[in-house]
Amino acid sequence: MTELERLQQAARFIRERLTLAPRIAIVLGSGMSEVLKDLEGAERLAWEQIPHFPRATVAGHAGEWIFGYLEKKPILLSRGRVHYYEGYSMAQIAFPIRLMKLLGIERAILTNAAGGINKDYKVGDFVLIRDHINTIPDNPLRGENLSELGPRFPNLLDAYSARWRAQAKEIARELGLGLHEGVYIATPGPMYETPAEIEAYRRWGADLVGMSTVPEVVAARHCGLEVLAISLVTNLAAGLGSDKLTHEEVLETTKRRENELARLLRELVKRL
Ligand code: HPA
């Protein structure tokens, strides 16, 4: 079976079960899966129900897709995502994004937790990703091109929609919510970076560091989805802040800021 056939089979499975056909998807990052859990008319699909969908690892929380209404608009909400450091292949990481495309999704909002490198950033700040630097040593487009989905050599010139970012900034202003814009550098993880790496990344022009999102953006842009990505600065990157830097710190910050994130996401969906 080809990758396209696997995707088509998964899409058929979902269409046969669910009536909702959203055009917008939201992916919730580390520790954020409680955000927006009160969707109206929610229909849920555990990842393990969906044919060929990546299985959650032992360490990762079981993920699910929720189809429901937010601000009277149908959306697909992914609670959780799969990461390179968990051992997934790039095809597996791209699978949910490509499946979204086959289901009729046109635009995706990706959220994540990230370490702040830019010295203007404080823990708890939100940052729109303006561009990225990729250090993950693989990507979902390597190998035979899925030409039904997109071109062999896609560009990443407006990977993070300038139009949509402008709107997000306007909304944040109205909500009285600070929203920076910055460059995200993706690392393979799972270890946090060394202080020397962070200093090097800062000189390269990175404002934020994290272990996700970029492979998904590559897959999304290949198949023509419009992307908005929002990072929450959950900690200052290695060598810049506290000397603990733990996953607990990351989760603590997301917990503290999830209401504000929900407000922002709600408003973004409302204005589509
Ligand atoms: N580094 C990499 N990934 C992260 C960090 C970090 O400091 N914080 C949250 N995700």
Side-chain angles (χ1 to χ4, degrees), residues 26-35 56-57 59-61 63 78-88 90 93 109-139 160 178-218 227-262 264-265:
I26 299 178
V27 176
L28 297 173
S30 278
M32 296 170 176
S33 38
E34 294 308 304
V35 171
T57 59
H61 293 279
S78 179
R79 293 180 76 196
R81 59 152 54 86
V82 295
H83 302 85
Y84 180 74
Y85 63 75
E86 295 176 90
Y88 292 105
M90 284 291 153
I93 295 172
I109 303 176
L110 309 178
T111 64
N112 64 43
I117 298 177
N118 186 316
K119 294 191 174 160
D120 292 338
Y121 296 176
K122 293 187 300 298
V123 172
D125 283 358
F126 291 108
V127 185
L128 278 178
I129 300 180
R130 173 168 58 79
D131 204 346
H132 76 228
I133 301 171
N134 189 17
T135 74
I136 299 177
D138 197 359
N139 78 77
Y160 302 86
L179 188 59
H180 305 281
E181 246 187 347
V183 173
Y184 176 94
I185 187 163
T187 64
M191 63 287 183
Y192 292 110
E193 302 68 35
T194 63
E197 284 167 341
I198 292 302
E199 178 56 21
Y201 296 159
R202 196 183 58 75
R203 293 187 204 191
W204 281 1
D207 299 295
L208 293 155
V209 59
M211 305 172 193
S212 69
T213 308
V214 163
E216 291 153 71
V217 171
V218 168
V227 171
L228 188 76
I230 304 168
S231 292
L232 171 62
V233 178
T234 53
N235 58 281
L236 298 185
L240 300 179
S242 74
D243 44 17
K244 50 183 207 289
L245 221 187
T246 59
H247 188 54
E248 285 62 46
E249 182 184 8
V250 170
L251 296 181
E252 208 175 278
T253 311
T254 48
K255 188 96 227 124
R256 182 160 65 75
R257 297 292 282 163
E258 67 187 14
N259 287 343
E260 281 69 31
L261 180 62
L264 183 58
L265 292 172

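Order of appearance sets the numbers: ligands from 1, and atoms from 1 within every ligand.
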Exercise. Do the charged groups of Arg202 and Glu199 touch, with an N to O distance under 4.0 Å?
Worked result: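 Judged by the 4.0 Å cut-off on N to carboxylate O distance, Arg202 and Glu199 do form a salt bridge.
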For this session: Indicate yes or no: does an N/O atom of Thr187 lie under 3.5 Å from an N/O atom of ligand 1?
Result: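 No.
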Problem set entry | Backbone or side-chain N or O of Glu193 under 3.5 Å from ligand 1 N or O |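 In this structure, Glu193 places an N or O atom under 3.5 Å from an N or O of ligand 1.
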Exercise. Hey, looking at atom 8 (N) of ligand 1, which of Asn235, Val209, Ile185 has the closest heavy atom?
Worked result: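 Selected option, by shortest heavy-atom distance: Asn235.
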Problem set entry | Option with minimal heavy-atom separation from atom 3 (N) of ligand 1, where the choices are Ala114, Gly210, Pro190 |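 Shortest heavy-atom distance from atom 3 (N) of ligand 1: Gly210.
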Can you tell if the side chain of [X] reaches within under 4.5 Å of the side chain of [Y], non-hydrogen atoms only?
{"X": "Val27", "Y": "Glu216", "value": "yes"}
{"X": "Val183", "Y": "Arg130", "value": "yes"}
{"X": "Leu232", "Y": "Glu260", "value": "no"}
{"X": "Arg81", "Y": "Leu110", "value": "yes"}

Problem set entry | Atoms of ligand 1 close to Met211 [distance to a heavy atom under 4.0 angstrom, numbered from 1] |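 Answer for ligand 1: 2 (C), 3 (N).
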For this session: Find all atoms of ligand 1 within a distance of less than 4.0 Å from any non-hydrogen atom belonging to Thr234, and give their numbers and elements.
Result: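 So the answer, numbered in order with elements, is 8 (N), 9 (C).
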Among protein heavy atoms, which lies nearest [atom], and at what distance?
{"atom": "atom 10 (N) of ligand 1", "answer": "Ala113 O, 3.4 Å"}
{"atom": "atom 5 (C) of ligand 1", "answer": "Gly115 N, 3.4 Å"}
{"atom": "atom 6 (C) of ligand 1", "answer": "Tyr192 CD2, 3.5 Å"}

Exercise. To the nearest 0.5 Å, how far apart are NE2 in His180 and OG in Ser231?
Worked result: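 These two atoms lie 11.5 Å from each other.
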For this session: Measure the acute angle between the ring planes of Trp204 and Tyr201, then classify it against the limits of 30° and 60° as parallel, tilted or perpendicular.
Result: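 Tilted: the ring planes of Trp204 and Tyr201 meet at 30° to 60°.
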